[in-house]
2 protein chains.
Amino acid sequence: MADVKSTANAPFLREEELRQAIELLYYGYRDFTAEPDAMLARYGFGRAHHRVIYFVGRHPQMSVSDLLAILRITKQSLSRVLSQLVRQGFIRQSPGNHDRRRRLLELTDKGIELERQLSENQRQRIARAYREAGVQAVEGFRKVMLSIMSSDEDRKRIGRRGDGSR
Amino acid sequence: MADVKSTANAPFLREEELRQAIELLYYGYRDFTAEPDAMLARYGFGRAHHRVIYFVGRHPQMSVSDLLAILRITKQSLSRVLSQLVRQGFIRQSPGNHDRRRRLLELTDKGIELERQLSENQRQRIARAYREAGVQAVEGFRKVMLSIMSSDEDRKRIGRRGDGSR
DNA sequence: GAATATAAGTCAACATGGCTGACGTAAAAT
DNA sequence: ATTTTACGTCAGCCATGTTGACTTATATTC
């Protein structure tokens, strides 16, 4: 009799636990992006611009195809936002040394400043969460998120320094 | 001298750590939604439909305004997807008992089946991550994600049973 | 009971950011 | 010399968010 409850509830609790995780991801991501979205709107930019600025800042001298591989969107979609950012002086393109077909991307000073503003907000949110949750929780968070991800390549990239080299 | 390295690296490591978290959220969310998105496309639906189906399944008998509060979109945006789901027989609406202005939402059998398919994929992904990461990591993940969220109301809702009552 | 407020819906127009398909140009690789 | 690669462009489509204006039915308040 003592184990009736735990046996009967095990699948239910498990289901409940898994649904909680789904909702944590939904609400967490929604709130994580809300404030940067609002800042971007003041420049006439959207979330897509943020992603480009973020990853170019993270991996200076990366090529367009590197960026496409990270974002997993078509070059036409990328082109729309990237060309705006270049035209408005947030990102600079320069031909590669070894391979002059490649156009290496980097943030301008203006781009660095915008990137800083945008991700400062997100870094602070994370920093607060890390403070509140504790060191051990942070390690758990990292483990679970890494495991939710599909791609080994992305897992590796997260661990590496962001110098755009391959 | 022994503390030069740790002192000098502390802010750098911290910055690095925070950026890793940003990327974990980006890659994790991207991969978490990719497969359901592909399934939905076969019905001519998108991610917005998934959200509606998910939360109506989670909180049967919820009202339209309850749903709007969770999704934080305009009623015009919701209307587009919700009316499709009702018309195609995935969701049923019925007038509230106490307040007949309200239209209480619930999944039909067809809706339950679609919801099951979609979130089964996500539940399995989470279950795998939880298995790989361990019990302690799961608790850490929950703590960090809860803390990343902005709204106390949402935190409470995650903990509650989903019966749509308030 | 009349006035007001709330829940829900609708129409119209617009922006963002995905997508496909077709085509062009420059540079590298074969 | 030919083919492949990296990048870009034009055109058009779709999903999903927005604002603003207006309607209908029902509850609530004065």
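The sequence lines fix the lettering, A, B, ..., with proteins before strands; numbering per chain opens at 1. Every value quoted in this text rests on a predicted model; they were computed, and no experiment measured them.
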Residues A/Lys156, A/Glu153: salt bridge by 4.0 Å N-O rule: no
For atom CG of B/Leu40 and atom C1' of C/dG18, their distance in whole Å: 15 Å
Residue pairs, two or more places apart or on separate chains, that pass ring-ring contact (aromatic ring centres under 6.0 Å, His included) and touch residues 89-120 of chain A: A/Phe45-A/Phe90
Gap between atoms CZ and C1', on A/Arg87 and D/dT9 respectively (whole Å): 12 Å
Nearest-angstrom distance from the residue atom CZ of A/Arg47 to C1' of C/dA15: 15 Å
Nucleic acid contacts of residues 68-81 of chain A, taken as heavy-atom distances under 4.0 Å to DNA chain D: A/Lys75, A/Gln76, A/Ser79
A/Asp99 side chain, from C-beta outward: closest of D/dT16, C/dG18, C/dA28: C/dA28
Any B/Ile158 side-chain heavy atom under 4.5 Å of B/Met149 side chain: yes
Audit row: B/Phe55, A/Tyr26, ring-ring contact (aromatic ring centres under 6.0 Å, His included) steps and yes/no: CA-CA 11 Å; B/Phe55 284 109; A/Tyr26 169 70; 5.3 Å; yes
5′-ward residue of the pair A/Phe45/B/Ser83 relative to DNA chain C: B/Ser83
For B/Arg19, the option from B/Glu16, B/Glu15, B/Glu17 that meets salt bridge (charged side-chain N to carboxylate O under 4.0 Å, His left out): B/Glu15
Nucleotide nearest A/Arg103 when distance is taken to its side chain, options C/dA28, D/dC7, C/dG9: D/dC7
Distance test, side-chain N/O of A/Ser63 to OP1/OP2 of D/dA6, below 4.0 Å: no
Any B/His49 side-chain nitrogen or oxygen under 4.0 Å from OP1 or OP2 of D/dT16: yes
Euclidean distance, atom CG of residue A/Leu67 to atom P of D/dG8 [Å, nearest integer]: 10 Å
Interatomic distance where CG belongs to A/Asp37 and P belongs to D/dT18 [whole Å]: 11 Å
Side chain of A/Arg101 - closest among D/dT5, D/dA27, D/dT16: D/dT5
B/Ser150 (side chain) donor-acceptor with A/Asp31 (main chain) under 3.5 angstrom: no
Exceeds 12 heavy-atom contacts within 6.0 angstrom, atom CD of A/Glu132: yes
Protein-nucleotide distance (A/Arg30, atom CZ; D/dT16, atom C1'), rounded to Å: 17 Å
B/Ala48 to B/Val81 - nearest heavy-atom pair and separation: CB-CG1, 3.8 Å
Polar side-chain atom of A/Arg125 near backbone of A/Phe32 as donor-acceptor pair, under 3.5 Å: no
Interatomic distance, A/Ile91 CD1 vs D/dC7 P [rounded to whole Å]: 14 Å
The helix from C/dG1-D/dC30 to C/dT30-D/dA1: angle between end helix axes, five pairs per end, rounded to 10 degrees: 20°
Listed nucleotide nearest any side-chain atom of B/Arg51, set D/dG17, C/dA28, D/dA6: D/dG17
Closest to side chain of A/Gln93, choosing from C/dA8, D/dG8, D/dA6: D/dG8
Crowding at CD, A/Glu113 (>12 non-hydrogen neighbours, <6.0 Å): yes
Nearest-angstrom distance from the residue atom CG of A/Asp66 to C1' of D/dT5: 14 Å
